[in-house]
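Naming convention: chains lettered A, B, ... in sequence-line order (proteins, then strands); numbering from 1 in each chain.
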Amino acid sequence: MSEHNETTEDQLIEGRRSKHEAVLSSGGYPHRFDRTDLAADLHTRFNDLEPAAVTDERVSVAGRLMLHRSFGKLQFGTLQDVSGTIQLFVDRKTAGRDVAEEFATFDLGDWIGAGGLVMTTKRGELSIKVDELDLLQKSLRPLPDKWHGLHDVEQRSRRRYVDLIVNQEARAVAMTRAKIVSELRDQFCRRGFIEVETPILLHQATGAIARPFVTEHNALDVEMYLRIATELYLKRLVIGGMERVFEIGRIFRNEGIDATHNPEFTMLEAYQAFADFRDIMELIEKVFVGVARAAGGGVDIVYQGRELHLGGPYRRATLTELVSERVGTEVSLDTPVESLRTHARDAGVEYEDDWSAARLLSEIYEEAVEASIWEPTFVTHQPIEVSPLSRRNADDPRLADRFELVIAGSEYANAFSELNDPDDQRARFETQAAAREAGDEAAHPIDEDYLLALEYGLPPTGGLGIGVDRLVMLLTDQAHIREVILFPTLRPEHGAAE
RNA sequence: GGGUCCCUAGCUCAACUGGCAGAGCACCGGGCUUUUAACCCGUUGGUUGUGGGUUCGAGUCCCACGGGACCCA
């Protein structure tokens, strides 16, 4: 058909485009297509069909043409739909010349619809004996290598649609993520939690210790911030009497990008009135078991080549216990700072001279302990200094009734008995504000409106936050967050504007 | 922010210490009635990320820029 045989990308596109234009000038593409079956359903339904069988079952399927094999008068195609693949069998003799010739003009990647009888080949491959074909939409661009697919990590992220077309793994992760999120929602709804939506665009970024994205509202002529947590709004709702609330939402933190951080990520936060942090531990154990099952792997999984057990109960250990284990001797907030400095040094942890015992302990934990925890562990009773929104422990007010759930060396959940004393909360905010004054941009600002709300009374409440992306990584055995986010944040492709 | 490495055909990858840019897939042409990444035969396809420099000669060496990967902070 073409007089020149050039095959740069433009020319590959040109060949497809001329077929496309031929379709347009002869009436165009169908606006819809009646499909009777998904590929996967056909495989289930005709599982028992013996080789070389032809049924009288007429079906129609639709999807993308992924492979094409031609034998002169016989053609085979692999059609991929959302559920999987099914083979198309085109016999010039039975399908007719028109159908056979049309099929031969299709390019890999084209969206097609096909109708015919269900059959199996001599080798037993379930197929459709095609006698009707529709080209639903041409793909003007060639697909990546049919065997190697698309490997380039950057292109897989930038053109996720291509990744999804050619890489089965990418599709599986996306599907599993959807199941996980759906199961999370279900787990909380089933327990009487009400799903809510709180603002993303705020006058103050509160509820966590992180740098926000800044934007502006034109009509109000004010600077605004994208939320860094949903925490304080959800607690306002508990104050309002919505005793159990949760939100699964996008959170934005203006920080670096690495294997476990994307500037926008998904967090689930839930708050339960009349519960404390110990109740929340039990809740999380149940939720994680349910979610692991929904993800299809069960509670005993393998993450990055190593076994991991998500069936509870999980180990509970205080932060000071874990640090004591690490340094080989009993330490606590009462250990002299000198001695903690020595332990820090021995553990290779750098510190500043003005750090308190609390700060030294949490630093040793973060730098020298957390990464070595493998099986799920509730690390409890963080110092108050690093927990500005947590309730104090009744026995030792220097500690928070708080925990982090650590699995495979990273944090999957953060939870606590919520601080509901408005005066203590004000004092904590003021401490944070002082740190902010001293140059710590990420320190928590004072949220006067939240303090006002607290004065109306927050009942004793347990709350939690779960990093959904990391949970998906865990359950899909992915080492990088970009693999579980369909469109991860990237630099603009052709350099930054300006 | 610091360090190391990578960018070659649409895709996946080659090209010894600087010496004629190549293969497989895809595409195009031919053959083939049960293939499974079909196979066989024959073509075609390149501003080696961009811009400079060194050199008789640069994919290869140097500099800058763009994008990416990994490690560290």
Side-chain angles (χ1 to χ4, degrees), chain A residues 1-19 39 43 49-54 65-80 84-97 100 103-110 119-130 138-159 162-163 165-168 211 254-261 348-352 363 366-367 371 479-483 488-498:
Chain A
M1 129 184 304
S2 173
E3 59 282 0
H4 32 183
N5 299 324
E6 300 142 328
T7 54
T8 64
E9 188 177 23
D10 283 346
Q11 282 141 356
L12 288 172
I13 292 170
E14 208 176 294
R16 288 167 178 249
R17 190 172 275 283
S18 66
K19 294 180 193 171
H43 284 289
L49 207 56
E50 70 278 8
V54 183
L65 184 65
M66 296 303 290
L67 292 170
H68 181 255
R69 300 176 282 280
S70 160
F71 286 76
K73 298 195 176 61
L74 270 191
Q75 297 174 79
F76 299 86
T78 301
L79 188 76
Q80 173 173 289
T85 60
I86 183 83
Q87 179 164 269
L88 302 180
F89 176 89
V90 178
D91 182 343
R92 188 189 186 104
K93 207 167 182 180
T94 56
R97 214 174 127 225
F103 195 65
T105 66
F106 291 168
D107 291 295
L108 300 187
D110 289 353
M119 59 163 278
T120 50
T121 62
K122 285 179 183 168
R123 295 275 180 87
E125 174 89 14
L126 188 68
S127 309
I128 313 283
K129 194 173 167 65
V130 174
K138 269 209 85 64
S139 170
L140 297 179
R141 287 179 181 269
L143 292 179
D145 189 289
K146 66 184 179 187
W147 180 242
H148 297 98
L150 187 64
H151 276 191
D152 185 280
V153 171
E154 181 184 358
Q155 289 307 317
R156 288 186 40 238
S157 298
R158 286 195 196 279
R159 302 199 191 176
V162 177
D163 189 33
I165 293 167
V166 300
N167 293 327
Q168 193 270 329
R211 287 175 56 183
N254 203 341
E255 285 156 14
I257 298 174
D258 64 26
T260 55
H261 295 87
V349 176
E350 290 180 21
Y351 57 87
E352 306 283 335
E363 203 70 15
E366 294 220 354
E367 297 302 320
H480 206 294
I481 197 168
R482 67 168 166 252
E483 300 298 338
T489 305
L490 296 165
R491 279 205 171 80
E493 197 161 6
H494 298 294
E498 278 118 314

- Task: For A:R69 and B:U35, give me the distance from atom CZ to atom P, rounded to whole Å.
- Result: 10 Å
- A:Y351 and A:V349: which non-hydrogen atoms are nearest, and at how many Å? CD2-O, 3.6 Å
At a cut-off of 3.5 Å, list every protein nitrogen or oxygen paired with a nitrogen or oxygen from nucleotides 32-34 of chain B, distance to 0.1 Å.
{"residue": "B:C32", "atom": "N3", "partner": "A:S70", "partner atom": "O", "Å": "3.4"}
{"residue": "B:C32", "atom": "N4", "partner": "A:G72", "partner atom": "N", "Å": "3.1"}
{"residue": "B:U33", "atom": "OP2", "partner": "A:F71", "partner atom": "O", "Å": "3.2"}
{"residue": "B:U34", "atom": "O2", "partner": "A:K122", "partner atom": "N", "Å": "3.2"}

- Task: Please tell me which of the listed nucleotides, B:G10, B:G68, B:U12, lies nearest to the side chain of A:L12?
- Result: B:G10
- A:T120 side chain to A:A52 backbone, donor-acceptor under 3.5 Å: yes
What's touching nucleotides 4-6 of chain B from the protein side, N or O pairs under 3.5 Å?
none

- Item | A:K19 side chain, from C-beta outward: closest of B:C28, B:A37, B:G67 | B:C28
- A:L67 atom CG is separated from B:A37 atom P, nearest whole Å, by 8 Å
- Message: Test your reading of the model: is there a side-chain donor-acceptor pair from A:H151 to the backbone of A:H148, 3.5 Å cut-off?
- Response: yes
- Task: Please report, rounded to the nearest Å, how far the P atom of B:C11 is from the CG atom of A:D107.
- Result: 17 Å
- Task: Between B:G45 and B:G3, how far apart are the P atoms? Round to whole Å, please.
- Result: 43 Å
- Query: Is any side-chain heavy atom of A:L126 less than 4.5 Å from a side-chain heavy atom of A:Q87?
  - Reply: no
- Item | Euclidean distance, atom CZ of residue A:R16 to atom C1' of B:G10 [Å, nearest integer] | 10 Å
- Please examine the side chains of A:R482 and A:V153, heavy atoms only from C-beta on, and report whether any two atoms are closer than 4.5 Å. yes
- Give a yes/no on whether any side-chain N or O of A:K146 is located under 4.0 angstrom from OP1 or OP2 of B:G10. no
- Task: Start with the C-alpha gap between A:K138 and A:D107, add the side-chain angles, then the distance that decides, and say whether side-chain contact (heavy atoms from CB on, under 4.5 Å) holds.
- Result: CA-CA 8 Å; A:K138 269 209 85 64; A:D107 291 295; 2.9 Å; yes
Set out, line by line, the N/O atom pairs under 3.5 Å between protein and nucleotides 71-73 of chain B.
none

- Check every strand shown and say whether A:G256 touches a base, only sugar-phosphate, or nothing at a heavy-atom separation below 4.0 Å. nothing
- Task: Take atom C1' in B:U47 and the same atom in B:G59, then report the distance between them in whole Å.
- Result: 13 Å
- Closest heavy-atom pair, A:H43 versus A:T85, reported as atoms and distance to 0.1 Å, is NE2-O, 2.8 Å
- Task: Taking the side chain as every heavy atom from C-beta outward, state whether A:K122 and A:P51 have any pair of such atoms under 4.5 Å apart.
- Result: no
- Query: So what does A:Q75 touch, heavy atoms closer than 4.0 Å: a base, only the sugar-phosphate, or nothing?
  - Reply: nothing
- Task: Would you mind reading off the distance between A:R141 atom CZ and B:A9 atom P, rounded to a whole angstrom?
- Result: 16 Å
Are there any protein N/O atoms within less than 3.5 Å of an N/O atom in nucleotides 21-23 of chain B, and if so, which ones and at what distance?
none

- Query: Hey, does the side-chain of A:D145 have a donor or acceptor N/O within less than 3.5 Å of a partner on the base of B:G24?
  - Reply: yes
- Atom of A:A100, atom of A:V90 and distance for their closest heavy-atom approach: CA-CG1, 3.9 Å
- Query: In whole Å, what separates the C1' atom of B:U44 from that of B:G52?
  - Reply: 34 Å
- Message: What's A:R159 touching, base or sugar-phosphate or nothing? Going by heavy atoms closer than 4.0 Å.
- Response: nothing
- May I ask you to decide if A:R211's main-chain N or O and A:E255's side chain share a donor-acceptor pair within less than 3.5 Å? yes
- Can you find a pair of side-chain heavy atoms, one from A:L143 and one from A:M66, that are under 4.5 Å apart? yes
- Taking atom P in both B:C61 and B:G1, what distance in whole Å separates the two? 27 Å
- Item | Pair assignment for RNA chain B - dot-bracket with | for other-strand partners, Watson-Crick or G-U under 3.5 Å | (((((((..((((.....[..))))..((((.......))))......(((((..]....)))))))))))).
- Note on the structure: The nucleotide from B:A37, B:U12, B:C11 with an atom nearest the side chain of A:D152 is B:U12
- Mind checking the C1' distance from B:G30 to B:A69? Whole angstroms is fine. 44 Å
- Answer with yes or no whether A:Q11 presents, from its side chain, a donor or acceptor under 3.5 Å of a partner atom in the base of B:U44. no
- Message: When you measure from the side chain of A:S139 to the backbone of A:R141, do you find a donor-acceptor pair of N or O atoms at a distance under 3.5 Å?
- Response: yes
- For nucleotides B:U4 and B:C41, find the distance between their P atoms and express it as a whole number of Å. 48 Å
- Item | Residues forming a side-chain hydrogen bond (donor to acceptor under 3.5 Å, both in side chains) with A:E363, sequence neighbours excluded | none
- Query: Taking the same atom, P, in B:C6 and in B:C13, what whole-Å distance lies between them?
  - Reply: 15 Å
- Note on the structure: Between A:Q80 and A:I165, the two heavy atoms sitting closest are NE2-O, 2.9 Å
- Message: If you assign each of A:Q87 and A:H148 to its closest nucleotide in RNA chain B, which residue comes earlier from the 5' end?
- Response: A:H148
- Message: I want to check one thing: is the phosphate of B:C70, taken as OP1 and OP2, less than 4.0 Å away from some side-chain N or O of A:H480?
- Response: yes
- Item | Which atom of A:I86 lies closest to which atom of A:I128, heavy atoms considered | CG1-CG1, 4.1 Å
- Query: So, is A:H151 near the phosphate of B:C13, with a side-chain N or O under 4.0 Å from OP1 or OP2?
  - Reply: yes
- When the nearest nucleotide of RNA chain B is assigned to A:P144 and to A:L108 on a heavy-atom basis, which residue is associated with the more 5' position? A:P144
- Item | Distance, rounded to the nearest Å, where A:I257 contributes CD1 and B:G1 contributes P | 12 Å
- Sugar-phosphate, base or nothing in reach of A:E125, heavy atoms under 4.0 Å: base
- Item | P-based separation of B:A14 from B:A73 [nearest Å] | 32 Å
- Return the value, rounded to whole Å, for the distance between atom CG of A:D10 and atom P of B:A26. 21 Å
- Query: Would a distance-only check, ignoring hydrogens and angles, find a side-chain to backbone donor-acceptor pair under 3.5 Å from A:H261 to A:I481?
  - Reply: no
- Task: State, to 0.1 Å, how close A:N167 and A:G149 come at their nearest heavy-atom pair, and which atoms those are.
- Result: OD1-CA, 4.1 Å
- Item | Positive for side chain to side chain donor-acceptor pair (under 3.5 Å) with A:Q75, one of A:R69, A:H68, A:R92 | A:H68
- Query: Taking CZ from A:R482 and C1' from B:G67, how many angstroms apart are they, rounded to a whole number?
  - Reply: 14 Å
- Query: Does A:L65 reach the side chain of A:F103, with side-chain heavy atoms less than 4.5 Å apart?
  - Reply: yes
- May I ask you to evaluate whether A:R491 reaches the phosphate of B:G68, defined as a side-chain N or O under 4.0 Å from OP1 or OP2? yes
